[in-house]
Structures are given as structure tokens and as C-alpha cells.
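Right, one structure below, let's go through it.
What you see is a predicted model, and the numbers here were worked out from it, not measured in a lab.
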Amino acid sequence: QVQLVESGGGLVQAGGSLRLSCAASGRTFNNYVMAWFRQTPGKEREFVSAISSSGGSTYYADSVKGRFTISRDNAKNTVYLQMNSLKPEDTAVYYCAARGSRYYSTVPNRYDSWGQGTQVTVSS
């Protein structure tokens with residue numbers, strides 16, 4: 001397993017941008033599919049985006065497609081989520097997750113490791 005630490009959350013006005021980072025420990029980072037999920041109080045954790053181990057394939061929830069971009073730097077053991085045109089409904093705690101598989105999943109319990117989460121708040 002890898003240990004994950006997110007950063008980059010904060011308060012931003014609607015229409016603004018934020019860039020989340022997730023730093024991973026361990027030497028096998030490039031064997032993992034990486035993903036971002038988000039969660040608001042009283043709701044289930046929601047898939048946001050995923051990226052293949054090589055970075056060659058990316059996947060997005062319909063709600064963020066065209067606004068968010070996921071990327072990774074395997075030399076730095078880091079995955080990023082660039083969030084543009086933010087909306088109040090994007091407000092949530094954002095979690096980074098790792099899956100030791102060739103395939104991504106939108107189901108949270110298919111992931112092996114999780115970060116502690118970072119709060120993103122978008123004001124209207």
C-alpha cells in the first residue's frame with residue numbers, strides 16, 4: 001500500500017480555480033491507478049476522476065467533465081486535480097485514493113489506500 005497526503009484545498013469564489021495535490025509514499029506509485037473522490041455531510045463518497053498508472057488515460061464524472069483535469073507526475077509520486085470554473089456544488093472534502101490494479105473504478109471500496117482529505121469550499 002501507499003500512504004497518501006492531500007493538499008491545496010481552500011475557500012474560493014464561484015468561477016475560480018484550485019489545484020489539489022496528492023503526494024504518495026512508496027516506490028511503486030507508478031503501479032497504481034489514482035483517483036479523486038469527494039464527499040459532503042450525509043452523502044456517500046462520490047467519484048470525481050481517475051488516471052491510469054502511466055497517465056495515458058483519464059476518466060471523469062459527468063459533473064466535472066470539461067472543468068477538472070487530473071494528471072500525475074510519477075517521478076514526483078504525485079497526482080493533481082486542477083479544478084476550474086468552480087461551482088458552489090463542488091464544495092466537499094476531496095480525497096485521493098490509490099488502487100493496485102490496471103483498471104479504475106468509480107466504487108470507493110475498490111481502492112486500497114486513502115488520504116485524509118482536503119476541504120474545498122466554493123462560495124456563491
Least distance between heavy atoms, [X] atom then [Y] atom:
X: Phe29; Y: Arg72; answer: O-NH2, 3.0 Å
X: Ala92; Y: Gln39; answer: CB-O, 3.5 Å
X: Ser17; Y: Ser85; answer: OG-N, 4.4 Å
X: Tyr111; Y: Ala50; answer: OH-CB, 4.3 Å
X: Gly117; Y: Val93; answer: CA-CG1, 3.8 Å

Is any side-chain heavy atom of [X] closer than 4.5 Å to a side-chain heavy atom of [Y]?
X: Ser25; Y: Asn77; answer: no
X: Lys87; Y: Arg67; answer: yes
X: Met34; Y: Ser113; answer: no
X: Ile51; Y: Tyr32; answer: no

Quick check on the hydrophobic clustering: are [X] and [Y] connected, directly or via other members, by side-chain heavy-atom contacts under 4.5 Å?
X: Val33; Y: Trp36; result: no
X: Phe37; Y: Val120; result: no
X: Tyr95; Y: Leu81; result: no
X: Val64; Y: Val12; result: yes
X: Tyr60; Y: Val48; result: yes

Strictly distance-based, threshold 3.5 Å: is any side-chain N or O of [X] a donor or acceptor partner for the main-chain N or O of [Y]?
X: Arg102; Y: Ser52; value: no
X: Thr91; Y: Glu89; value: no
X: Thr121; Y: Leu11; value: no

Item to complete: For the pair Tyr103 and Arg110, evaluate side chain to side chain contact (heavy atoms under 4.5 Å, CB included) and give the outcome as yes or no after the intermediate values.
Response: CA-CA 10 Å; Tyr103 305 104; Arg110 301 290 174 86; over 6 Å; no
Discussion item. Side chains of Asn30 and Ser53: any donor to acceptor distance under 3.5 Å?
Written reply: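 The answer is no; no qualifying pair exists.
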Worksheet entry | Modelled atom types, side-chain donor and acceptor of Arg38 and Tyr94, under 3.5 Å |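 Judged by distance alone, the side chains do pair up.
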Fill in: Atom CD of Gln13 with >12 non-hydrogen neighbours under 6.0 angstrom
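Open.
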Discussion item. Please identify which of these residues, Gln82, Glu6, Met83, meets the side chain to side chain contact (heavy atoms under 4.5 Å, CB included) condition with Leu20.
Written reply: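 That would be Met83; it is the only one of Gln82, Glu6, Met83 passing the side chain to side chain contact (heavy atoms under 4.5 Å, CB included) with Leu20.
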Worksheet item: Does Arg19 count as lying over the ring of Tyr80, i.e. NZ or CZ under 6.0 Å from the six-ring centre, within 45 degrees of the axis?
Response: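 Yes - Arg19 lies over the ring of Tyr80, closer than 6.0 Å to its centre and within 45° of its axis.
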Worksheet item: What is the ring orientation for Tyr104 with Phe47, classed by angle as parallel under 30°, tilted 30 to 60°, or perpendicular over 60°?
Response: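 Rings of Tyr104 and Phe47: tilted, as their planes differ by 30° to 60°.
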Worksheet item: Salt-bridged, Lys65 to Asp62, with N to O below 4.0 Å?
Response: yes
